[in-house]
There are 2 protein chains.
Amino acid sequence: MMRGFPEAEFRARTRAAQARMAEEGLGALWLTTEVDVRYFTGFLTRFWESPSRPWHLIVPAEGKPIAVIPSIGAYLMGTTWVEDIRTWSAPNLADDGVSLLAETLTDVGGPVGVPSGYETHLRMPLADFERVKAMSGIKITDDAGIVADLRAIKSEAEIEKITHTCAIAGRAFARMGEIAGEGVALSQVFRDFQRLLLEEGADWVPYMSGGAEQDGYGDVISLAKDAPLEAGDVMMVDTGAIWDGYFNDYDRNFAITRASDAAKAAHARLIEATDAAFRIARPGARACDLWKAMADIVGGGEEAGRLGHALGMQLTEGLSLTPRDETVLRPGMVITLEPGTEVVPGKIMVHEENIVITEGAPRAISPFSGAELPVL
Amino acid sequence: MMRGFPEAEFRARTRAAQARMAEEGLGALWLTTEVDVRYFTGFLTRFWESPSRPWHLIVPAEGKPIAVIPSIGAYLMGTTWVEDIRTWSAPNLADDGVSLLAETLTDVGGPVGVPSGYETHLRMPLADFERVKAMSGIKITDDAGIVADLRAIKSEAEIEKITHTCAIAGRAFARMGEIAGEGVALSQVFRDFQRLLLEEGADWVPYMSGGAEQDGYGDVISLAKDAPLEAGDVMMVDTGAIWDGYFNDYDRNFAITRASDAAKAAHARLIEATDAAFRIARPGARACDLWKAMADIVGGGEEAGRLGHALGMQLTEGLSLTPRDETVLRPGMVITLEPGTEVVPGKIMVHEENIVITEGAPRAISPFSGAELPVL
């Protein structure tokens, strides 16, 4: 599968943003996060792991984006479709790109939209943000959700990449018997599962979580413990692995040595809920409709929480399958179905699959689990 | 090696912050990033990979920190020393923790310091930040660098963790011959090297970069290409792997099949520069002194850029070995020595080691390379 995107993809994304900017009366967008910068450029590097350097992309009302970045990134940005690359020697505590940014914003003209709503953050020091505002004199406002709206609908090329990384995780999950079983520490399973994901083709593994206790688990965000797995444990492993900058996000449950009737029934309930949401996941259905289809089966009512979300360049992004989210599904959305249910008091099980919304029936891109809880 | 820290460590960190807050006239600190929240609590999870939920920690003028977090994190936060855990059911687009935060800040009292300087960012939507400010009426200001200053000096327990993860990478680098050589794609080497790090005990691998071209490389932040390694290539692999929440950050260079005289000489120059900085890396020396010791050997003058930095909970943090950074070294700092040099026009080599500043001579915590460029 080919890495990257043709230039036409970035041009289309930029033009779509510019059309929305015109409607909203914005002269430019100012983007600072890895995903937002990459969305309009293809600039893909793990160097964002270092917080020492800010990176900026300005999307003007017309023409290509302008990069305002540390000089260490000039070579890589030069391999993208971006032509106007303005650099400074970072880090420079006296002026860490501030005057260069202020000049650029003044050149381009405002008002300037900065993503400020749900799931966004400003990846630069607040004090420097205030300095740029004061120095440029440009009006800074919200981006009116333009970037999030665009990113919510994936192109065919994006869907291919997500499908590819889902298949990688599917092959890794199929090998769980090689690494997990009674007596093995969950922490060792986590380490080995990341290895399997890499062996099956993942570029890297930004996310892993899960749990393992008798008849379910109490929590799904803790790191794995060093205690050995025991017969009767239900182990859940949840991954978000990257291929060419796109995530999968799904999990699998396994019983260790033996499964109780309660665990078997809970797993069957989760699969039934997933299928119920899958059947109605078509254009026009709302996020809350899918939530209700699952909540009616897994129980818990409003307390059931979020039972799925969109994904793509981020592990989680965009809509939430909650009772309050009325986002209408559209073709090109990629979402997770993630029901959770109580097995016995204080112990839960969570299941997750990934699907694409199309014009007609949805397409499963993770290899859907059957109702039977696998036993290792 | 034991995971986590005794409660006394978090109490000491909190009291040290509170002493500085009193000097600066701050009523509270408001922290939003993974590292800052973890520094005062021990709250360690990969769930931060999801941008869908903000997390907040308030450090009051006296007593333990207060967590204001999504309810999904209550269980894990409950295992830390934090007692006052205030939760909301996130995501809630109508009020995503805003009113709960405003109430908490009003309870605690201001002025409230938010990290706003070099290397910081606010991990929450800007619009919600403005709402909290308006709703609480509390004065929000900079944290006066308190958190960064505290984090710059590592405790013995922190140094042990960093030393442990450095040793893991050392064992993985020693096995490079198993995975790399003429005809193997660099992208495959990257994948396999992450596997080796996991096998040697890393919890996960947030950072990998490098390059491989004839007699050096043009860039150090690009992802690996699928083209096979060729005889005469100089391959550099740079890692930042995590153990119990702490990073290593160092690299190794290898010649593929054969090494040119220019590459051998460049490698020897890098080792000489590293040794020169190592010899003077004692309390009282400044970051810029170490920079000069290396720049005098590797050449490039001011253009040599940043030749090292501190590390710890982040891949890079704190001081920079640049001509302008006059930070004075103190015992407990953990830093990288990272000289780069031109091999032939347009091709560079970069070398990196990790050291601890002590009362006397520094301690190497990565297994220092010899002058000879290893050939695979």
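Small disclaimer: the values here were computed from a predicted structure and weren't measured. Side chains are part of it too, since the values below use all heavy atoms of this structure and drop only hydrogens, waters and symmetry mates. Letters A, B, ... are given to chains in the order of the sequence lines, protein chains preceding strands, and every chain is numbered from 1.
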Would you mind checking which part of B/Tyr207 comes under 4.5 Å of any heavy atom in chain A, side chain (CB onward), backbone (N, CA, C, O), both or neither? both
Interface moiety of B/Asp203 toward chain A, non-hydrogen atoms closer than 4.5 Å: both
What distance separates A/Glu49 CD from B/Leu315 CG, expressed to the nearest 0.5 Å? 6.0 Å
Contact origin within [X] toward chain B - heavy atom pairs under 4.5 Å:
X: A/Val35; value: neither
X: A/Gln314; value: side chain
X: A/Ser320; value: side chain
X: A/Tyr118; value: both
X: A/Leu93; value: side chain
X: A/Asp96; value: side chain

side-chain contact (heavy atoms from CB on, under 4.5 Å) between A/Asp219 and B/Thr79: does it pass, once the steps are laid out? CA-CA 11 Å; A/Asp219 180 53; B/Thr79 66; over 6 Å; no
Would you find a donor on one side and an acceptor on the other, under 3.5 Å apart, between the side chain of A/Arg46 and the backbone of B/Pro206? yes
I'd like to know if the side chain of B/Arg191 and the backbone of A/Ala202 have a donor-acceptor N/O pair within less than 3.5 Å. yes
Which one, [options], leads in non-hydrogen pairs under 4.5 Å with chain A?
options: B/Ser50, B/Gly117, B/Ser209; answer: B/Ser50
options: B/Asp249, B/Thr33, B/Thr316; answer: B/Thr316
options: B/Pro54, B/Ser116, B/Gly305; answer: B/Ser116
options: B/Glu130, B/Met208, B/His309, B/Arg123; answer: B/Met208
options: B/Leu197, B/Ile72, B/Leu311; answer: B/Ile72
options: B/Val220, B/Asn92, B/Asp192, B/Thr322; answer: B/Asn92

Measure across [X] and [Y] and return the closest heavy-atom pair with its distance rounded to 0.1 Å.
X: A/Pro125; Y: B/Glu119; result: CG-N, 4.1 Å
X: A/Thr45; Y: B/Ile221; result: OG1-O, 2.7 Å
X: B/Leu126; Y: A/Val114; result: CD1-CG1, 4.2 Å

Is the closest side-chain heavy-atom distance between B/Asp226 and A/Arg3 below 4.5 Å? yes
Validation row: A/Pro91, B/Arg306 side chains within 4.5 angstrom (heavy atoms): yes
Where do B/Leu122 and A/Phe129 land on the side-chain contact (heavy atoms from CB on, under 4.5 Å) test, with the steps shown first? CA-CA 11 Å; B/Leu122 182 74; A/Phe129 181 60; over 6 Å; no
Taking A/Phe43, A/Phe190, A/Phe47 one by one, which has the highest count of heavy-atom pairs under 4.5 Å against chain B? A/Phe47
Per-residue tally against chain B (heavy atom, under 4.5 Å) across A/Thr120, A/Asp142, A/Asp238 peaks at A/Thr120
